[in-house]
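Just below is one structure, and these are the notes that go with it.
All of these numbers come straight from a predicted model, not from anything done at the bench.
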Amino acid sequence: MTMIYPKVALIGLGLIGGSFSLAAKRAGLVGHVAGHARTAETRETALRLGLCDSVHATAAEAAKDADLVLLCVPMGAMAAVAEEIAPVLKPGATVSDVGSVKGPILEAVAPFIPAGVHLIPGHPLAGTEHSGPEAGFAELFENRWVILTPPEDADAAAVQRLSDCWEGCGAHVDTMDPAHHDLVLAVTSHVPHLIAYTMVGVADDMRRVTQSEVIKYSAAGFRDFTRIAASDPTMWRDVFLTNKQATLEILGRFTEELFALQRAIRTEDGPQLFDYFTRTRAIRRGIVQAGQDTAAPDFGRSAAGKKT
């Protein structure tokens with residue numbers, strides 16, 4: 001493929017940033033990749049793994065002369081990073097991110113982006129419960145969605161370049177209004193994670209009562225909860241603090257549904273339960289048909305060494 005960005009700066013060298021580098025370099029989409037992480041250990045690991053061509057102790061050093069700056073840090077740190085790199089951003093460069101919340105991040109980062117630099121927030125809907133530079137792999141974005149939420153006055157050519165880059169990494173790309181993105185993700189990701197964390201917390205309480213039998217005899221449903229709840233706690237803290245309104249709205253709707261099911265169970269309303277489960281089962285089938293998961297046993301996660 002044709003190179004899109006001669007120099008890329010990755011600010012944050014975890015799962016997403018590392019996977020982006022591996023995918024983009026494999027496809028010939030990027031040239032020099034400069035990386036920054038807070039710790040020398042992470043920077044050295046990223047260099048050893050070939051995620052970066054150079055590593056830097058500060059975000060500003062990495063971002064200097066970059067054609068694309070990808071912010072892969074926790075959302076609570078993005079404004080401070082944007083302020084730090086602002087003086088070294090070259091005209092025509094693109095600044096993007098990989099955060100799960102878009103509206104508040106756009107508001108936090110935009111004031112620091114100089115005129116002539118393109119701010120195009122993004123969110124790759126891909127990941128695993130693993131984190132750190134060693135968790136990255138080039139196939140992470142294949143057949144996954146990346147949502148871009150450019151401002152209304154965004155440069156169309158800059159948006160297209162970023163879209164082409166993500167597509168070259170194997171992803172499907174869509175654009176969306178930031179507020180709508182945050183509402184959609186509250187349904188598809190944020191509240192499900194909150195429920196998973198809560199259910200695992202309940203199990204932790206029950207473990208004391210059942211002498212660890214809850215953990216020992218975990219069935220598939222609970223194992224999936226624990227897999228989700230193993231995600232990075234810093235990231236999810238920031239998700240819920242920044243996407244508070246949408247999360248609370250969807251959580252309220254979830255509570256209403258839960259009360260309705262609770263009443264159906266109490267009143268032994270079998271038909272209502274059957275109809276509800278039949279309708280919601282179709283959602284799972286739709287996800288598989290859309291290629292966003294697999295119908296294989298154990299959701300395809302039992303294959304030795306497979307990262308999902």
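- Side-chain N or O atoms of Y276 include none that pairs as donor or acceptor with a backbone N or O of A260 at under 3.5 Å.
- Side chain of D182 to main chain of G103: a donor-acceptor pair is present (N/O by atom type, distance under 3.5 Å, no hydrogens or angles).
- The number of heavy atoms from other shown groups lying within 6.0 Å of NZ (K64) does not exceed 12.
- H32 and S54 share a donor-acceptor pair across their side chains, judged by distance under 3.5 Å alone.
- Figure legend: cation-pi geometry between R144 and F141 absent, as NZ or CZ is not positioned both under 6.0 Å from the six-membered ring centre and within 45° of its axis.
- Within the 3.5 Å criterion, the main-chain N or O of D177 finds no donor-acceptor partner in the side chain of K102.
- At a threshold of 4.0 Å, the pair K25-D53 counts as salt-bridged, since one of the basic side-chain nitrogens sits closer than that to a carboxylate oxygen.
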Residues L70, D97; criterion side chain to side chain contact (heavy atoms under 4.5 Å, CB included); working and verdict:
CA-CA 5 Å; L70 195 61; D97 75 303; 5.7 Å; no

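- The CZ atom of F259 sits 10.0 Å away from atom CZ of F254, with the distance rounded to the nearest 0.5 Å.
- Looking only at side-chain heavy atoms (C-beta outward), L119 and V109 come within less than 4.5 Å of each other.
- You'll find the side chain of L148 stays beyond 4.5 Å of the side chain of D174, heavy atoms only.
- Side-chain atoms of E83 do not come within 3.5 Å of backbone N or O of F112 as any donor-acceptor pair.
- The distance from atom SG of C169 to atom CG of L140, rounded to the nearest 0.5 Å, is 10.0 Å.
- Residues forming a side-chain hydrogen bond (donor to acceptor under 3.5 Å, both in side chains) with E142 (at least two apart in sequence, or on another chain): R26.
- Under a 3.5 Å cut-off, the side chain of H36 and the backbone N or O of H56 do form a donor-acceptor pair.
- The residue from D67, D164, V30 that alone fulfils the side-chain contact (heavy atoms from CB on, under 4.5 Å) condition with I4 is D164.
- The main-chain N or O of V184 is found under 3.5 Å from a side-chain atom of T188 such that the two form a donor-acceptor pair.
- For the pair R253 and E249, the salt-bridge criterion is met [side-chain N within less than 4.0 Å of a carboxylate O].
- In this structure, S96 contributes its side chain and I120 its backbone to a donor-acceptor pair below 3.5 Å.
- With E84 contributing its side chain and A60 its backbone, the two residues share a donor-acceptor pair below 3.5 Å.
- Crowding of R263 atom CZ: a count of heavy atoms from other residues, nucleotides or ligands under 6.0 Å not exceeding 12.
- Between the side chain of S163 and the backbone N or O of V159 there is no donor-acceptor pair closer than 3.5 Å.
- Residues T45 and T42 have side chains that never bring a donor and an acceptor to within less than 3.5 angstrom of each other.
- Side-chain N or O atoms of T149 include none that pairs as donor or acceptor with a backbone N or O of P178 at under 3.5 Å.
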